[in-house]
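In what follows, every chain begins at residue 1, and chains take the letters A, B, ... in the order their sequences are listed.
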Amino acid sequence: MAFSIYNTLTRKTETFEPVHEGRVGMYVCGPTVYGHAHLGHAKSYVSFDVLVRWLRYLGYDVTYVQNITDVGHLTDDADQGEDKLAKQAVREKRHPMAIAEYYTASYFADMDQLNCLRPDISPRATGHIPEQIELVQTLLDKGFAYVVNGSVYFDVATFKDYGKLSGRNREDMQAGARVEVNAEKRNPADFALWKKAEPGHIMQWNSPWGRGYPGWHLECSVMSMKYLGQTVDIHGGGIENQFPHHECEIAQSEAANGVPFVKYWVHNNMVTVNGQKMGKSLGNFILLKQLFQGDHEVLSRAYDPLAVRQLILQSHYRSPIDFSDAALTAAQSGYDKIARSVMTLRNRKVTALQGEVDQVVCVELDRLQAKFEEAMNDDLNTSVALSVLFELIRLSVGQLENDSATVETLDAIDNLFHRLGGNVLGVVKEQYTQAAENDDELLDHLMQLMIEQRQTARKNKDFKAADVFRDRLAECGVILEDKPGGITTWRRK
RNA sequence: GGCGGCGUAGCCAAGCGGCCUAAGGCGACGGUUUGCAAAACCGUUAUUCGUGGGUUCGAAUCCCACCGCCGCCUCCA
């Protein structure tokens with residue numbers, strides 16, 4: 001069965017066939033780096049990470065490009081609103097590029113925790129200003145754009161396909177227009193390609209039209225074309241970007257190139273928190289760092305990044321997901337079960353006997369792999385794929401209870417955990433350690449416990465036992481030092 | 001006002017015309033195990049899919065109506 005994916009452009013699930021056989025170019029709208037990543041980023045990038053991993057599993061040579069938006073565009077196309085990066089820069093009293101640098105590093109750190117593979121290319125918008133100017137010039141030359149007072153706008157009336165992605169037409173939008181009309185535009189639906197910089201605007205560049213900065217749809221078109229060609233196989237992003245962002249990308253790209261910009265548009269759905277849209281003003285805005293540390297009033301504890309990943313994969317990427325403390329707790333329990341089962345299996349391999357692979361187990365493994373592949377091929381049904389992992393656990397448990405299970409049989413099971421749970425879903429780790437993330441704190445507590453036990457022995461004049469404590473700890477590389485006043489401290493050797 | 005989605009057990013969630021008297025996870029309950037716990041393991045937990053009609057030999061799955069919830073249409077992943 002071939003891989004099928006839902007294409008927003010055609011509103012159908014289609015069999016996936018890349019433009020060039022065996023190779024896939026995939027572009028995903030990346031974050032604007034003016035703050036730490038939040039739950040919405042997690043859902044989006046975990047979903048696309050699984051898509052990349054699945055394509056690679058299928059044998060495609062994937063080039064995954066995800067931009068970093070390091071120039072904060074205006075909040076709308078009218079001459080109002082603020083540049084988000086500049087705003088944050090003022091708040092933090094740092095240069096906008098320092099802000100971008102800082103939050104880019106933060107973003108990658110969070111995505112690493114979620115076990116998202118790094119994109120092959122992470123191009124920065126500010127590193128592609130010449131290319132963006134070039135595209136604007138092309139559009140002007142071809143008559144799809146016009147200059148007004150140092151700004152350049154795309155003339156929507158010249159592009160007949162405008163609205164094909166989002167199912168809108170210009171008439172409807174004019175009827176329901178809410179955005180204050182920018183007097184410079186010929187048509188309210190026209191969008192900025194290049195904006196004239198106001199005197200106070202920090203991030204600005206020279207252009208044929210004067211000092212200014214690029215419109216917010218431009219960077220994705222330019223960087224997608226530069227690294228992946230005029231027609232990319234997959235362009236992904238959040239559903240909220242379907243209009244106007246992606247619609248505008250299509251318009252400017254196809255007007256310039258005369259060929260389709262994207263073959264498959266893939267959009268993932270949004271997250272809610274406790275049933276409501278996540279928003280800064282609603283008090284339910286959760287950053288990933290807060291989630292991983294349990295540092296938020298709606299959270300009862302810290303959650304393992306991979307448990308969060310598992311929660312995301314439990315539902316479909318095109319369905320909205322509601323994050324709640326209860327949902328996270330449930331996902332954490334499920335994740336712990338997988339981790340413990342895999343650990344138990346791997347530990348057992350050390351002592352198991354050598355021999356033949358159990359053929360009955362093999363047949364079952366083949367069945368599970370087929371079920372997994374079928375689910376993933378069906379528009380990435382990660383929920384069913386994940387359920388296969390739990391079936392695999394049951395199979396594994398059965399073998400662990402069987403004293404004559406061979407290393408080879410256990411290996412075959414582990415191999416499937418590794419390939420399906422690890423390589424594809426990214427919830428099974430390569431290596432598990434008993435140690436917690438915050439080892440130092442744990443160590444402190446354990447040492448305190450040890451010292452208390454030894455104090456009790458000393459109080460009872462059981463110096464022999466007290467010495468055994470000290471000697472055994474010394475063997476572990478820990479030195480105990482008895483200070484005056486009955487205080488005992490410890491240090492590493 | 002325009003566009004789109006959703007409503008399946010206590011909770012999350014898959015299924016999208018017959019294999020469904022509906023996966024999987026969490027929780028709960030009963031049992032095995034345990035000095036007691038924890039963990040682990042076994043079992044039970046929806047004859048029914050928001051409500052009411054209709055189409056069909058057959059519907060959770062298609063159509064209509066109604067009720068309820070959510071998102072997008074302004075930057076947002």
Side-chain angles (χ1 to χ4, degrees), chain A residues 8 11 13 28-32 34-35 37-48 66 69 72-78 80-85 87 107 111 163 165-169 171-180 189 216-217 236-245 247 267-272 275-280 285 288 307 310-338 340-341 343-344 371 375 378-379 381-394 397-398 400-401:
Chain A
T8 312
R11 280 139 224 246
T13 301
V28 171
C29 289
T32 302
Y34 68 104
H38 56 249
L39 284 177
H41 293 103
K43 175 168 164 70
S44 183
Y45 298 122
V46 165
S47 298
F48 290 116
Q66 187 190 102
T69 299
H73 303 288
L74 290 186
T75 52
D76 61 44
D77 282 336
Q80 54 196 338
E82 291 171 86
D83 176 318
K84 285 178 293 184
L85 262 141
K87 197 173 167 186
Y107 169 74
M111 291 303 128
L165 178 69
S166 53
R168 291 155 211 265
N169 56 56
E171 292 69 38
D172 286 349
M173 287 189 297
Q174 283 173 319
R178 278 167 48 180
V179 185
E180 218 175 298
W216 66 280
H217 313 299
I239 188 100
E240 80 288 351
N241 277 146
Q242 188 183 336
F243 185 88
H245 187 50
E247 196 67 64
H267 290 100
N268 73 284
N269 219 311
M270 313 279 283
V271 307
T272 53
Q276 274 192 303
K277 177 188 165 88
M278 183 172 80
K280 280 179 177 155
F285 194 86
L288 294 175
Q310 176 153 328
L311 176 59
I312 291 165
L313 297 182
Q314 260 165 23
S315 64
H316 193 87
Y317 73 92
R318 284 192 285 116
S319 302
I321 183 167
D322 184 46
F323 278 87
S324 64
D325 196 57
L328 284 160
T329 301
Q332 179 75 52
S333 298
Y335 169 71
D336 287 343
K337 180 171 178 168
I338 292 175
R340 268 197 298 269
S341 304
M343 267 188 273
T344 308
K371 182 175 174 182
D378 181 16
D379 194 27
N381 191 336
T382 51
S383 181
V384 168
L386 204 53
S387 80
V388 169
L389 243 44
F390 285 96
E391 286 190 62
L392 191 56
I393 286 173
R394 215 166 301 130
V397 164
L400 293 174
E401 283 172 353

Novice: Would you mind pulling out the nucleotide paired to rA59(B), Watson-Crick or G-U wobble, both distances under 3.5 Å?
Specialist: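 Here rA59(B) is not engaged in any pair, so there is no nucleotide opposite it.
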Novice: Within the 3.5 Å criterion, strictly below it, is a donor on Asn268(A) or Ser47(A) matched to an acceptor on the partner's side chain?
Specialist: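 Side-chain D/A pair, Asn268(A) to Ser47(A): absent.
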Novice: Considering every strand shown, what is the Watson-Crick or G-U wobble mate of rC20(B) when both distances are under 3.5 Å?
Specialist: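 Across all strands, not a single nucleotide pairs with rC20(B).
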Novice: Answer yes or no: is there a side-chain heavy-atom contact under 4.5 Å between His316(A) and Ser383(A)?
Specialist: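 When only atoms from C-beta onward are counted, Ser383(A) and His316(A) do not touch, as no gap falls below 4.5 Å.
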Novice: If we call it a pair only when both distances are under 3.5 Å in a Watson-Crick or G-U wobble match, what pairs with rG4(B)?
Specialist: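 With both distances under 3.5 Å, rG4(B) matches rC70(B).
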Novice: Write down the distance separating the P atoms in rG52(B) and rU45(B), rounded off to the nearest Å.
Specialist: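 26 Å, rounded to whole Å.
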Novice: Quick one: Ile393(A) CD1 to rG25(B) P, roughly how many Å, whole number?
Specialist: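 Roughly 8 Å, once rounded to whole Å.
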Novice: Which whole-number value in Å describes the distance from Phe285(A) CZ to rA77(B) C1'?
Specialist: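 It is 10 Å, rounded to the nearest whole Å.
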Novice: Nearest-Å distance, CE (Met343(A)) to C1' (rA39(B))?
Specialist: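 Rounding to the nearest Å, CE of Met343(A) and C1' of rA39(B) are 12 Å apart.
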Novice: Would you say Asn241(A) places a side-chain N or O within less than 4.0 Å of OP1 or OP2 belonging to rC76(B)?
Specialist: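 It does, given that an N or O in the side chain of Asn241(A) lies less than 4.0 Å from OP1 or OP2 of rC76(B).
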Novice: Please report the closest heavy-atom contact between His267(A) and Arg318(A), naming both atoms and the distance.
Specialist: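 What the structure gives for the nearest pair is O-CG, 3.6 Å.
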Novice: Please check if the side chain of Ser324(A) supplies one atom and the backbone of Ala327(A) the other of a donor-acceptor pair under 3.5 Å.
Specialist: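 Flag set: sc Ser324(A) to bb Ala327(A) pair under 3.5 Å.
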Novice: Is Arg340(A) close enough to rA40(B) that one of its side-chain N or O atoms is under 4.0 Å from OP1 or OP2 there?
Specialist: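 Yes, within the criterion.
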Novice: Taking the same atom, C1', in rA28(B) and in rC69(B), what whole-Å distance lies between them?
Specialist: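 27 Å, rounded to whole Å.
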Novice: In whole Å, what separates the P atom of rG15(B) from that of rC62(B)?
Specialist: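 Each nucleotide's P atom is 12 Å from the other's.
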Novice: Over all strands shown, is Val271(A) touching base, sugar-phosphate only, or nothing at heavy-atom distances under 4.0 angstrom?
Specialist: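 Base, at least one base heavy atom under 4.0 Å.
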Novice: Expressed as a whole number of Å, how far does the P atom of rA46(B) sit from that of rC6(B)?
Specialist: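 Result for the P pair: 26 Å, nearest Å.
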Novice: Considering only atom C1', compute the distance from rA22(B) to rA14(B) and round it to an integer number of Å.
Specialist: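 Between the two C1' atoms, the distance is 10 Å.
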Novice: Are any of Lys277(A)'s side-chain N or O atoms less than 4.0 Å away from OP1 or OP2 of rC72(B)?
Specialist: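 Result: yes.
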Novice: Classify the ring geometry between Tyr45(A) and His41(A) as parallel (under 30°), tilted (30 to 60°) or perpendicular (over 60°).
Specialist: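 Correct class here is parallel.
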Novice: Please tell me which of Ser166(A) and Ser341(A) maps to the more 5' nucleotide of RNA chain B, matching each residue to the nucleotide holding its nearest heavy atom.
Specialist: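 Between the two, 5'-proximity favours Ser166(A).
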Novice: Would you kindly say whether Ser166(A) and Glu247(A) are connected by a side-chain donor-acceptor distance under 3.5 Å?
Specialist: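 Their side chains do contain a donor-acceptor pair, which is all the 3.5 Å distance test asks for.
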Novice: Taking the P atom of each, how far is rA39(B) from rC29(B), in whole Å?
Specialist: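 My reading of the P atoms in rA39(B) and rC29(B) gives 13 Å.
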Novice: What is the distance, rounded to the nearest whole Å, between atom NZ of Lys84(A) and atom C1' of rU74(B)?
Specialist: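 From Lys84(A) NZ to rU74(B) C1': 11 Å.
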Novice: Check every atom of rA77(B), rA23(B), rC41(B) against the side chain of Asn268(A) and return the nucleotide holding the closest atom.
Specialist: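 Closest of the options to the side chain of Asn268(A): rA77(B).
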Novice: How far apart are the closest heavy atoms of Met111(A) and Leu288(A), and which atoms are they?
Specialist: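 Heavy atoms of Met111(A) and Leu288(A) come nearest at CE-CD1, 3.9 Å.
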Novice: How would you label the contact of Gly238(A) with the nucleic acid (heavy atoms, under 4.0 Å): base, sugar-phosphate, or nothing?
Specialist: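 The answer is sugar-phosphate, as Gly238(A) gets under 4.0 Å only of primed atoms, P, OP1 or OP2.
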Novice: Under 3.5 Å for both donor-acceptor distances, Watson-Crick or wobble: does rG27(B) have a partner, and if so which one?
Specialist: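 Its partner is rU45(B) (Watson-Crick or G-U wobble, both distances under 3.5 Å).
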Novice: Could you state the atom-to-atom distance from CD of Glu247(A) to P of rC3(B) in whole Å?
Specialist: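 Answer to the nearest Å: 15 Å.
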Novice: Hey, which of Val46(A), Leu328(A), Ile338(A) is the one that makes side-chain contact (heavy atoms from CB on, under 4.5 Å) with Gln310(A)?
Specialist: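 Answer to the side-chain contact (heavy atoms from CB on, under 4.5 Å) test with Gln310(A) among Val46(A), Leu328(A), Ile338(A): Ile338(A).
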Novice: Just how far, in rounded Å, is P of rG24(B) from CZ of Phe390(A)?
Specialist: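 After rounding, the reported distance stands at 11 Å.
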Novice: Is there a Watson-Crick or G-U wobble partner for rA39(B) with both distances under 3.5 Å, and which nucleotide is it?
Specialist: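 The base-pairing partner of rA39(B), which may sit in any strand shown, does not exist here.
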Novice: Taking all non-hydrogen atoms of both residues into account, name the closest pair between Gln276(A) and Asp322(A) and its distance.
Specialist: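 Heavy atoms of Gln276(A) and Asp322(A) come nearest at N-OD1, 4.4 Å.
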Novice: Calculate the interatomic distance between Leu165(A) atom CG and rC73(B) atom P; express it in whole Å.
Specialist: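 One finds 14 Å between P of rC73(B) and CG of Leu165(A), rounded.
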Novice: Considering only the C1' atoms, how many Å lie between rA59(B) and rC20(B), rounded to the nearest integer?
Specialist: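 Approximately 11 Å lies between the C1' atom of rA59(B) and that of rC20(B).
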Novice: Just to be sure I understand the rule, does Arg394(A) reach a base, reach only the sugar-phosphate, or reach nothing, if contact means heavy atoms closer than 4.0 Å?
Specialist: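 The residue Arg394(A) makes sugar-phosphate contact but no base contact.
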Novice: What nucleic acid atoms does Gln332(A) come within less than 4.0 Å of, heavy atoms only: base, sugar-phosphate, or nothing?
Specialist: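 Contact class for Gln332(A): none.
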Novice: Rounded to whole angstrom, note down the P distance from rG17(B) over to rA38(B).
Specialist: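 Roughly 45 Å separates the two P atoms.
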Novice: Rounded to the Å, how far apart are Leu313(A) CG and rG25(B) P?
Specialist: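 It works out to 16 Å between those atoms.
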Novice: Identify each atom pair where a protein N or O and an N or O of nucleotides 8-16 of chain B are less than 3.5 Å apart, giving names and distance.
Specialist:
residue, atom, partner, partner atom, Å
rA13(B), O2', Ser383(A), OG, 3.0
rA14(B), OP1, His316(A), N, 3.1
rA14(B), O3', Asn381(A), ND2, 3.1
rG15(B), OP1, Asn381(A), ND2, 3.1

Novice: Should rA13(B) form a Watson-Crick or G-U wobble pair with both distances under 3.5 Å, which nucleotide is its partner?
Specialist: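 Answer to the pairing question: none, since rA13(B) forms no Watson-Crick or G-U pair.
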Novice: If you check every side-chain atom of Thr272(A), which of rA77(B), rG25(B), rC70(B) has the closest atom?
Specialist: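 Nearest listed nucleotide: rC70(B).
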Novice: Would you tell me whether Asp379(A) and Thr13(A) have side-chain atoms, one donor and one acceptor, within less than 3.5 Å of each other?
Specialist: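 Asp379(A) vs Thr13(A): no donor-acceptor pair found between side chains.
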